[in-house]
Amino acid sequence: MTRYNAKETEAKWQRIWSEHCVFEVTEDTSKPKYYVLEMFPYPSGRIHMGHVRNYTMGDVVARFKRAQGFNVLHPMGWDSFGLPAENAAFENKVHPAKWTRENVAVMRGQLKSMGLSIDWSRELSTCEPDYYKHQQKMFLDFLDADLAYRGESWVNWDPVENTVLANEQVIDGRGWRSGAEVEKKLLHQWFFRITKYADELLVAIEALDRWPDKVRLMQTNWINRSEGARVLFDIVGRKDRLEVFTTRPDTLFGASFCALSPNHPLSLELAENDPGLAAFLVECAKLGTSESALEKAEKQGYDTRLTVAHPFQDGQELPIYVANFVLMEYGAGAIFGCPAHDARDLEFAHKYGLGVFPVVCPPDADPKTFEIGDEAYVGDGTLINSEFLDGLDVPTGIRRATEKLVTIGAGEGTVNYRLRDWGASRQRYWGCPVPVIHCAACGIVPVPEKDLPVSLPEDVTFDKPGNPLDHHPSWKHVDCPSCGAPAMRETDTLDTFVDSSWYFARFCSLAPDTALDRSAVDYWMPVDQYIGGVEHAVLHLLYARFFTRALRDCGYLGVDEPFAGLFTQGMVCHETYRDENGGWVFPDQVVIGGDGTKTDRESGRSVQAGRSEKMSKSRRNVVDPELILDTYGADAGRLFMMSDSPPERDLEWTEAGIEGAWRYVNRLWRMIASPSAPIAERTAEAPAASDSERESMLRVLHQTVAAVTADLEQFRFNRAVAHVRELTNHLAEYNASGPAHDHARRIAVETVVQLIGPMMPHIAEEFWQMLGHDELLADAPWPTASPAYLVDDTVTIAVQIKGKLRGTIEMPRDADKASVEKTALALDSVQRATNGQTPKRVIVVPNKVVNVVV
RNA sequence: GCGGGCGUGGCGGAAUUGGUAGACGCGCCAGAUUUAGGAUCUGGUGGAGAAAUCCGUGGGGGUUCGAGUCCCUUCGCCCGCACCA
């Protein structure tokens, strides 16, 4: 018997699939379509185990749906703009384009060696002008439609590098590379008007029934719609009014102060003539945008000495503070504080000696004696001390108070969202240029369509801080398309989330002259099954949902939602190893001695195993997929990825696990390449007669087909693998001789091969050929379970005494209760328990269980 | 703080609507085969017990003829969000 050569066989089938363009598809209205998409990778250099897991899942679904008769679109591309390329340029003096394209080439080869059923003719890369030129056109259309605009926002500014930093690049208030103290700076930025769709995006979440609840909840919270009221307070001694947003206008009678955000226009204005306030604002700015800093910060305020008039109580005035806990970006950037019924306000009031006036009395408390201690009361109750609101419940009070505000012209009911417009400007080189020109005379002028794409210059340097586009000698200098005068190109590039907000639609057709070929997009969209990491639960998925709607409204496509089904996979984890000096050690460097002690192959130091954690370079607990592909082949790697762990949970990568998968590959090989009992020819006719052994084999077989089909349908890959292995075990024990059995063996072997095909496509294809098929397994239809075999004619019924198992009985299916009961009571163990007495009660659940109560 | 998830053998994990807990795999034990094996095959494998039996799904309580599954309570771990007015 020849040993199975995975490397050779896998290369062979990859070649054949590619030569025959097996996975290249076109719009075919005679078949139902199915669009499977995994989140496309950032070309960081090499694929990692997370990619292997993600793309294996997608491929299993794609191959399964394909076998079920769907016209399956399964494309792949590269999310190839982004910061790491610029960092590499800075650190290794490689041009981002070169670095990126080389990485793409390596990773494409790695993905191909996984044997994915991808239509490679649709490959795209977002950093190439043939992709981003369409994006620039979209941007111009969005400008026209007022879906993109220029605005201002606060950013993390690194004064040494002259650049904007992402939140994760700010470490303890300092730039990650320069170490300089990061400043908050107000900068002109390009925005997408996602807030225009806030309500639509929120409401539509409900209909995304094939999305994980967790992701739906996260998006709901992110958008965070809250109903409340805008309240306008007259500022004493001034003509203007202070606007605040509140969800609790019913507690206005309990107000004891107002507070402004440090960034509030009024705060800034007052600071000009108040050095104390100016200093306080600087203090607040120092906190930065980092969450941990904000978290530790104690509530602090500064008394502006201004007061506002209470809208409902003549003569009543409230002091205005500037407070570090009020966010400019939320609501109106100002609040009124009701310490009795808000924890933060209470903390603030205690600190600054402000009044605490309860106005909501809990249902079980006495309004005359109810007092607020250290804890604010935020629950429902009856309004008290509130004049015209007294005696109302909270919802009614809110309504009544809002009506009153409207009547006296001091406010109105309003809906507020946490969701803010999407700031998409990046002061960086390696991104899609924003196609506008700044002209002194004409203002912001869109680049004419005929001049697209605005391409990135290749001759840039990364030796200076700041945006290379900005210091390029000539690139930004152009004539104004409108008046012809010298003008400047926009040097901001777009956030890479823009690139990934429409790539799924672009896969439908790579037509060169149009971004989205409407007929192709109408055929394929939406994506039926999208698969990726949960880390994109909010931003990427929300932006893509917004972008799809924006494209819809600009006539690019006709769907609302990009992803009809979403699956978020778990992470790939591995044990961690540290040597006696505390240094991390790579798993493949750890040698396990006979006594179980571990040592580092290179240093010879002894090594301790730590808990299993997400694979990461910093902890060195990584296994290179290429090593696995080389050693065991793609099929074994893919099989292990699908076995054991449910796909939504973390998977623990272990040597033993991959070995087990590899053993199964070889076991199947032995069973099929050199079977211990004959397998009938393909052309052999079904026997006229069967026996019970054969029938029972066929029953297991059909039940397995049904189970695996259901499992794959529901992303229960680990169970699907278990079921196939069970069938394999049955097949291995099935050695009866004779033509009827040989025939059944043929069916069983073919079924095993077909069922395992989505997980292990190469060896399955090889088996299919060995079994005499001329056509490809990839083109073979999925097996169907025959209903006749799905029900057993005898059933095993559990016999319990007071719920405890005492034995089992074999009965014909659907036997009548009386005979089941009689058989059960006749059991020795039951006789012993009943001791000859009549049982108090006997419960018979048909075909399942008999419970005897004594 | 708020929200969500998870706790089942030595390990990863199975278990339709409440109905035989531990499928499948790993590991381990015994045997067979082999020059050898970290290959392969056979059998065994939740714990205690000679057995009958008893105990077992993080802990405690409850509902039920019957609970991993439902309810209450408690502990532990993980994830997400967070001064959201």
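Computed from a predicted structure; not experimentally measured.
Pair assignment for B:G22: none, as no Watson-Crick or G-U wobble contacts are both less than 3.5 Å. Under the Watson-Crick or G-U wobble criterion, with both distances below 3.5 Å, B:G68 is left unpaired in every strand shown. B:A32 is paired with B:U40 under the Watson-Crick or G-U wobble criterion, all donor-acceptor distances under 3.5 Å. Using Watson-Crick or G-U wobble geometry with both donor-acceptor distances under 3.5 Å, B:U63 finds no partner in any strand shown. Using Watson-Crick or G-U wobble geometry with both donor-acceptor distances under 3.5 Å, B:C81 finds its partner in B:G1. Base pairing annotation: B:U16 forms no Watson-Crick or G-U wobble pair, as no partner gives both donor-acceptor distances under 3.5 Å. Base pairing annotation: B:G7 forms a Watson-Crick or G-U wobble pair with B:C75, both donor-acceptor distances under 3.5 Å. The partner of B:G46 is B:C55, by the rule that a Watson-Crick or G-U pair needs both atom distances under 3.5 Å.
As rounded to the nearest Å, B:U45 and B:G9 have C1' atoms that lie 10 Å from one another. A gap of 45 Å separates the P atoms of B:A30 and B:G62, to the nearest Å. Taking atom C1' on both nucleotides, B:A39 is separated from B:G19 by 43 Å, rounded to a whole Å. If you take atom P in B:G37 and the same atom in B:C29, they sit 15 Å apart, rounded to whole Å. The same atom, C1', is picked in B:G27 and in B:G10; the two are 7 Å apart, to the nearest Å. B:C6 and B:A14 have their P atoms separated by 11 Å, given to the nearest Å. If you take atom P in B:G5 and the same atom in B:A85, they sit 22 Å apart, rounded to whole Å. Between B:U57 and B:U20, the distance separating the two C1' atoms is 16 Å to the nearest Å.
By the 4.5 Å heavy-atom criterion applied to side chains, A:D342 and A:T251 are not counted as neighbours.
Look at CD1 on A:I797: it is 11 Å from C1' on B:G19, rounded to the nearest Å. Separating the CG atom of A:L327 from the P atom of B:C83 is a distance of 6 Å, rounded to the nearest angstrom. Between A:N718 atom CG and B:A14 atom P the separation is 5 Å, expressed in whole Å. In this structure, the CG atom of A:L805 is 15 Å from the P atom of B:G56, given to the nearest Å. One atom, CD1 of A:I223, and another, P of B:G3, lie 20 Å apart when rounded to the nearest Å. Distance A:H723 NE2 to B:G25 P: 12 Å, rounded to the nearest Å. If you take NZ of A:K840 and P of B:C65, they are 10 Å apart, rounded to a whole angstrom. The CD-P distance, from A:Q800 to B:G19, rounds to 11 Å in whole Å.
No donor-acceptor contact under 3.5 angstrom links the side chains of A:Q300 and A:N324, judged on distance only. Inspection of the A:N621 and A:T576 side chains reveals no N or O donor paired with an N or O acceptor under 3.5 Å. Side-chain atoms of A:T728 and A:Y664 include a donor-acceptor pair closer than 3.5 Å.
Among the protein residues, A:R725 comes within range of the sugar-phosphate backbone only, with heavy atoms under 4.0 Å from sugar or phosphate atoms but none that close to a base. At the heavy-atom level, A:V326 lies under 4.0 Å from base atoms of the strands shown. Residue A:T796 is classed as a base contact, given a heavy-atom separation below 4.0 Å to a base. The residue A:L217 sits close only to the backbone: its heavy atoms come under 4.0 Å of sugar-phosphate atoms, none of a base. Counting non-hydrogen atoms under 4.0 angstrom, A:S643 reaches nothing in the nucleic acid. Among the atoms of the strands shown, only primed sugar atoms or phosphate atoms (P, OP1, OP2) are found under 4.0 Å from some heavy atom of A:V853. Within the nucleic acid shown, A:N224 comes within 4.0 Å of at least one base atom, counting heavy atoms only.
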Margin query: At under 4.0 Å between heavy atoms, how does the protein contact nucleotides 40-54 of chain B? Give one character per nucleotide, 5' to 3', with B, S or -.
Written below: SS----------SSS

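When all heavy atoms of A:S643 and A:L639 are compared, the closest pair comes out as OG-O, 2.6 Å. For the residue pair A:L712 and A:P758, the shortest heavy atom distance occurs at CD1-CG, 4.5 Å.
Checked for salt-bridge contact, A:R420 and A:E329 miss the test: no charged N lies under 4.0 Å from a carboxylate O.
Within the structure, a side-chain polar atom (N or O) of A:N729 is placed less than 4.0 Å from OP1 or OP2 of B:G25. Distances shorter than 4.0 Å separate none of the side-chain N or O atoms of A:R649 from OP1 or OP2 on B:C79.
Partners of A:D199 under the salt bridge (Lys or Arg N to Asp or Glu O under 4.0 Å) rule, at least two apart in sequence or in another chain, are A:R225.
Annotated as anti: B:G10, whose glycosidic dihedral deviates from 0 by more than 90°.
If A:M218 and A:A334 are placed on RNA chain B by their nearest nucleotide, the residue sitting closer to the 5' end is A:M218. With RNA chain B read from its 5' end, the first of the two nearest nucleotides for A:A656 and A:R420 is the one closest to A:A656.
Put simply, the side chain of A:K848 and the base of B:U16 share no donor and acceptor less than 3.5 Å apart.
Residue A:V845 places its side chain closer to B:G19 than to any other of B:G12, B:C79, B:G19. Each of B:C79, B:G12, B:C81 was ranked by its minimum atom distance to the side chain of A:R418; first place goes to B:C81. Here B:C83 is the nucleotide among B:C81, B:C83, B:A85 with the atom lying nearest to any side-chain atom of A:K299.
Here A:F640 and A:W653 bring their ring centres to under 6.0 angstrom of each other. A distance below 6.0 Å separates the ring centres of A:Y321 and A:F348.
Residue pairs that meet the salt bridge (Lys or Arg N to Asp or Glu O under 4.0 Å) test with at least one member in residues 721-730 of chain A, sequence neighbours left out, do not exist here.
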